[in-house]
2 protein chains.
Amino acid sequence: MKVSDGSTRPPALLVGQTYPAGCSARIVLDHVSSKWGVLILLALSDGSHRWSELRRRTDGISEKMLAQTLKTLEGDGFVRRDAHAVIPPRVDYSLTGRGEEVAALLKPLTEWVAEHADEILER
Amino acid sequence: MKVSDGSTRPPALLVGQTYPAGCSARIVLDHVSSKWGVLILLALSDGSHRWSELRRRTDGISEKMLAQTLKTLEGDGFVRRDAHAVIPPRVDYSLTGRGEEVAALLKPLTEWVAEHADEILER
DNA sequence: CGGGATCCAAAAAGATACTG
DNA sequence: CAGTATCTTTTTGGATCCCG
């Protein structure tokens with residue numbers, strides 16, 4: 001008899017490992033802790049922003065990566081997208097409740113890094 | 001008269017932005033929050049481990065990326081490398097004080113993600 | 001065992017042009 | 001303005017060989 005639940009993903013925890021490759025935690029962690037994911041979650045942590053604002057605030061990001069990262073974060077339910085039917089178009093992005101939760105956890109990390117970065121890189 | 005301090009890196013903060021591209025905070029943040037950086041800091045947060053252990057614990061990592069990530073984290077002063085002059089060679093990796101600090105900040109994030117990942121990805 | 005060096009294939013990121 | 005489509009460049013990863 002088959003006991004598989006049909007999932008193709010590895011379990012969340014294996015003894016002696018951090019997380020198995022391809023497990024759900026690794027997938028979501030990659031989204032959240034990705035180079036641009038962190039910065040966008042951070043940029044949205046002080047409220048709603050438009051596409052063009054996010055592009056400026058997230059210095060150095062390409063349009064492609066902004067679109068891609070926003071879609072990923074929206075797909076994970078971290079970011080809400082509000083498109084207004086006006087001309088010229090206006091789209092606002094903001095954090096969901098779930099997004100606020102991770103952003104709150106991200107914040108201490110980024111603050112610690114910002115405080116110590118110069119010291120870390122000197123030499 | 002020139003007032004530059006000789007640094008080629010942007011300042012740590014600019015109004016209306018998260019962090020400027022290429023600034024020290026962004027550089028260190030990329031190291032810490034990188035796909036493998038997070039997992040290795042996490043793997044070391046419960047104590048010292050050997051190369052081969054880290055390779056197994058960090059499921060899916062290649063030798064190349066393990067070496068590269070360890071060097072980066074060592075260069076940033078997050079990881080300490082202890083090579084014992086024995087045959088066969090034995091090298092232990094552990095967190096420095098600074099490494100413990102970031103790992104402590106990383107932990108709540110990874111735990112939150114591990115707890116919610118399945119729910120986030122379902123559908 | 002714990003790597004470093006090299007070469008190649010694949011994937012991710014970036015730049016740019018174009019569109020509703 | 002807010003993207004999409006396309007092309008190029010960079011980064012990553014795997015495999016292999018070598019060495020102390």
Side-chain angles (χ1 to χ4, degrees), chain A residues 16 18-23 26-41 43-44 48-76 79-94, chain B residues 10 16-23 26-40 43-44 48-75 79-94:
Chain A
T18 47
Y19 300 104
C23 74
R26 286 272 290 259
I27 293 173
V28 175
L29 196 56
D30 280 352
H31 297 172
V32 168
S33 77
S34 74
K35 171 173 178 149
W36 301 118
V38 177
L39 294 178
I40 290 184
L41 289 170
L44 289 175
S48 175
H49 291 282
R50 309 180 56 173
W51 164 279
S52 47
E53 286 176 326
L54 286 176
R55 182 124 163 65
R56 274 191 306 274
R57 283 165 68 88
T58 313
D59 191 33
I61 197 172
S62 66
E63 298 195 344
K64 181 183 170 181
M65 290 313 294
L66 178 57
Q68 185 175 307
T69 307
L70 282 172
K71 276 190 181 175
T72 300
L73 294 178
E74 193 192 348
D76 287 350
V79 166
R80 177 173 34 238
R81 180 181 186 274
D82 289 315
H84 308 283
V86 296
I87 294 180
R90 178 191 177 102
V91 183
D92 288 315
Y93 292 93
S94 55
Chain B
Q17 287 185 13
T18 47
Y19 300 104
C23 75
R26 286 269 292 260
I27 294 174
V28 175
L29 196 57
D30 281 353
H31 296 172
V32 168
S33 77
S34 75
K35 172 173 177 150
W36 300 117
V38 177
L39 294 178
I40 290 184
L44 289 175
S48 175
H49 291 282
R50 308 181 56 174
W51 163 278
S52 47
E53 286 175 327
L54 286 176
R55 181 124 166 67
R56 273 191 306 273
R57 283 166 70 88
T58 313
D59 191 32
I61 197 171
S62 66
E63 297 195 349
K64 189 179 171 181
M65 291 311 296
L66 178 57
Q68 185 175 309
T69 307
L70 281 172
K71 275 193 181 177
T72 300
L73 295 178
E74 193 193 348
V79 166
R80 178 174 31 241
R81 180 181 187 275
D82 291 314
H84 307 284
V86 297
I87 294 181
R90 176 190 178 102
V91 183
D92 288 315
Y93 293 93
S94 56

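Naming: A, B, ... by sequence-line order, numbering from 1 per chain. Scope of the values below: all heavy atoms of this structure, side chains included, with no hydrogens, waters or symmetry mates.
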Asks: Check whether any side-chain heavy atom of Leu73(A) sits under 4.5 Å from a side-chain heavy atom of Leu44(A), and report yes or no.
Replies: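 They are not in side-chain contact.
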
Asks: Does Arg57(A) have any side-chain hydrogen bond (donor to acceptor under 3.5 Å, both in side chains) partners at least two apart in sequence or in another chain, and if so, which?
Replies: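 With sequence neighbours excluded, Arg57(A) shows a side-chain hydrogen bond (donor to acceptor under 3.5 Å, both in side chains) to Asp46(A), given in chain and number order.
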
Asks: How close or far is atom C1' of dC1(D) from atom NE2 of His84(A), stated in whole angstroms?
Replies: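 From His84(A) NE2 to dC1(D) C1': 12 Å.
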
Asks: Looking at every non-hydrogen atom in both residues, tell me the closest pair between Thr58(A) and Thr18(B) and how far apart they are.
Replies: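 Closest heavy-atom pair between Thr58(A) and Thr18(B): CA-OG1, 4.3 Å.
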
Asks: Could you state the CD1-P distance from Ile87(A) to dA2(D), rounded to the nearest angstrom?
Replies: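 Computing the Ile87(A):CD1 to dA2(D):P distance gives 13 Å.
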
Asks: Could you tell me the boundaries of the chain A footprint on DNA chain C, defined by atoms under 4.0 Å from its heavy atoms?
Replies: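 Reading along DNA chain C, I get dA13(C) to dG20(C).
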
Asks: Using a cut-off of less than 4.0 Å, is there contact between a side-chain N or O of Ser52(A) and OP1 or OP2 of dA2(D)?
Replies: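 So the side chain of Ser52(A) is within the cut-off, an N or O lying under 4.0 Å from OP1 or OP2 of dA2(D).
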
Asks: What verdict does the side chain to side chain contact (heavy atoms under 4.5 Å, CB included) test give for Ile40(B) and Ile61(B), after you've listed the backbone C-alpha separation in whole Å, the side-chain angles of each residue and the deciding distance to 0.1 Å?
Replies: CA-CA 10 Å; Ile40(B) 290 184; Ile61(B) 197 171; 4.1 Å; yes

Asks: Could you pull out all residues at least two apart from Glu53(A) that satisfy side-chain hydrogen bond (donor to acceptor under 3.5 Å, both in side chains)?
Replies: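 Glu53(A) satisfies side-chain hydrogen bond (donor to acceptor under 3.5 Å, both in side chains) with His49(A) only.
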
Asks: Measure the angle between the two terminal helix axes of the helix from dC1(C)-dG20(D) to dG20(C)-dC1(D), five base pairs each, and quote it to 10°.
Replies: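 For the helix from dC1(C)-dG20(D) to dG20(C)-dC1(D), the axes at opposite ends meet at about 50°.
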
Asks: Could you tell me the separation between the CG atom of Leu39(B) and the NZ atom of Lys35(B), rounded to the nearest 0.5 Å?
Replies: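 One finds 8.5 Å between CG of Leu39(B) and NZ of Lys35(B).
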
Asks: For His31(A), enumerate each residue passing the side chain to side chain contact (heavy atoms under 4.5 Å, CB included) test, keeping only those at least two apart in sequence or located in another chain.
Replies: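 Partners of His31(A) under the side chain to side chain contact (heavy atoms under 4.5 Å, CB included) test: Ile27(A), Thr72(A), Asp76(A).
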
Asks: Just to verify, what does Arg55(B) make a salt bridge (Lys or Arg N to Asp or Glu O under 4.0 Å) with, not counting sequence neighbours?
Replies: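 Result, salt bridge (Lys or Arg N to Asp or Glu O under 4.0 Å) vs Arg55(B): Glu63(B).
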
Asks: Give the table of side-chain donor-acceptor pairs shorter than 3.5 Å for residues 83-94 of chain A, with sequence neighbours excluded, one pair per line with atom names and distance.
Replies:
{"from": "His84(A)", "atom 1": "NE2", "to": "Asp92(A)", "atom 2": "OD2", "distance (Å)": "2.8"}
{"from": "Arg90(A)", "atom 1": "NE", "to": "Asp92(A)", "atom 2": "OD2", "distance (Å)": "3.2"}
{"from": "Tyr93(A)", "atom 1": "OH", "to": "Arg81(A)", "atom 2": "NE", "distance (Å)": "3.3"}
{"from": "Ser94(A)", "atom 1": "OG", "to": "Arg80(A)", "atom 2": "NE", "distance (Å)": "3.4"}

Asks: Using OP1 and OP2 only, check whether a side-chain N or O of Arg55(A) sits under 4.0 Å from dA2(D).
Replies: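 So the side chain of Arg55(A) is outside the cut-off, no N or O lying under 4.0 Å from OP1 or OP2 of dA2(D).
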
Asks: Check side chain to side chain contact (heavy atoms under 4.5 Å, CB included) between Gln68(A) and all other residues, then give those that pass, not counting sequence neighbours.
Replies: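 Gln68(A) satisfies side chain to side chain contact (heavy atoms under 4.5 Å, CB included) with Lys64(A), Met65(A) once adjacent residues are dropped.
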
Asks: Which letter, B, S or -, goes with each nucleotide of nucleotides 3-20 of chain D from 5' to 3', with contact meaning a protein heavy atom under 4.0 Å?
Replies: BB-------SBB-----B

